[in-house]
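Counting convention: from 1, in listed order, for ligands and their atoms alike.
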Amino acid sequence: RGVRVKSAEFVKSSTSVEQCPPARYPEFAVIGRSNVGKSSLINMLTGRNALAMVSKTPGKTRLINHFLINGAWFLVDLPGYGYARASKGSVVEWNRFTREYFVERETLVTVLLLVDSSIPPMPLDISCAAWFAEAGIPFTVVFTKLDKRKKGASPSDDNIAAFEQVWLGWACGYAPPTVLTSSKSGKGRSELLAHVAQLRELFNK
Ligand code: GDP
């Protein structure tokens, strides 16, 4: 239930919360470092290549892009994040609209924080998760690229375990839900859609 995507349409790009479409549906925001596999995941989830193309359009990569799924919920593509210049790389710096979006968007159900499982944990991703935890914004860690293994590199299982260990050390025991995915093989697609459906049901109650 809730795992079929019958329709998926691009609604609009926004540069502020004010510009976002009316807050009429529960929404799920997708975020991660650039190259984490965000466009591929949006494509895999919706089965619509055109949606991911929107996110990749020059000029739109720094905007908030709303996609309406099954006429019932929004999948929101947010700009990737980078380091705060002053902090020597350990503190996340949001695009100004993004921060405003997290804090002000009342229909935001959960953030899907994408983390690349083919590389060891990055301090930036941990810092981003810590920011959500501190701000009281619910998030789910969606590990990407489960199929990928570079020669001589650590396997995704080790990277995921290491991420969880570092994270738990930081956050004193609070563990967010996790979903393991591969856009290449389709792994985790129905699990992630079912997770979203379950959270929507709770939100609508
Ligand atoms: P974005 O910048 O976060 O939107 O990332 P993309 O979706 O454009 O993906 C970045 C790179 O990672 C591309 O070369 C993709 O082909 C590759 N990629 C994305 N998802 C997967 C995956 O599940 N498995 C593998 N092996 N590669 C992936």
Student: Report the residues that fulfil side-chain hydrogen bond (donor to acceptor under 3.5 Å, both in side chains) with Asp147, sequence neighbours left out, ordered by chain and then residue number.
Tutor: Ser182
Student: Could you tell me whether the side chain of Phe28 reaches within less than 4.5 Å of the side chain of Val30, counting heavy atoms only?
Tutor: no
Student: Which atoms from ligand 1 have a heavy atom of Ser40 less than 4.0 Å away?
Tutor: 6 (P), 7 (O), 9 (O), 19 (C), 20 (N)
Student: Hey, are the side chains of Leu112 and Leu192 touching, using non-hydrogen atoms and a 4.5 Å cut-off?
Tutor: yes
Student: For Ser182 and ligand 1, answer yes if some heavy atom of the residue is under 4.0 Å from a ligand atom, otherwise no.
Tutor: yes
Student: Could you tell me which atoms of ligand 1, counted from 1 in the order shown, lie closer than 4.0 angstrom to a heavy atom of Lys148?
Tutor: 26 (N)
Student: Is atom 14 (O) of ligand 1 less than 4.0 angstrom from at least one protein heavy atom?
Tutor: no
Student: Would you find a donor on one side and an acceptor on the other, under 3.5 Å apart, between the side chain of Thr144 and the backbone of Val36?
Tutor: yes
Student: Check whether any side-chain heavy atom of Glu100 lies under 4.5 Å from a side-chain heavy atom of Ser16, and answer yes or no.
Tutor: yes
Student: For ligand 1, is there an atom lying under 4.0 Å from some heavy atom of Val36?
Tutor: yes
Student: Salt bridge or not between Asp77 and Lys38? Use side-chain N to carboxylate O under 4.0 Å.
Tutor: yes
Student: From the options Lys38, Arg33, Lys145, select the one whose nearest heavy atom is closest to atom 27 (N) of ligand 1.
Tutor: Lys145
Student: Looking at atom 4 (O) of ligand 1, what's its closest protein heavy atom, distance included?
Tutor: Ser39 OG, 2.6 Å
Student: Do Asn159 and Ser154 pair up side chain to side chain, a donor and an acceptor below 3.5 Å, judged on atom types alone?
Tutor: yes
Student: Is at least one protein non-hydrogen atom found at under 4.0 angstrom from atom 22 (C) of ligand 1?
Tutor: yes
Student: Give me the nearest non-hydrogen protein atom to atom 24 (N) of ligand 1 as residue plus atom name, then the distance to 0.1 Å.
Tutor: Asp147 OD1, 2.7 Å
Student: Looking only at protein heavy atoms, which one is nearest to atom 8 (O) of ligand 1, and what is the separation?
Tutor: Lys56 NZ, 2.9 Å
Student: In the protein, which heavy atom is nearest to atom 2 (O) of ligand 1, and how far is it?
Tutor: Asn35 N, 2.9 Å
Student: Could you work out, with side-chain hydrogen bond (donor to acceptor under 3.5 Å, both in side chains) as the rule, every residue matching Ser39, not counting sequence neighbours?
Tutor: none
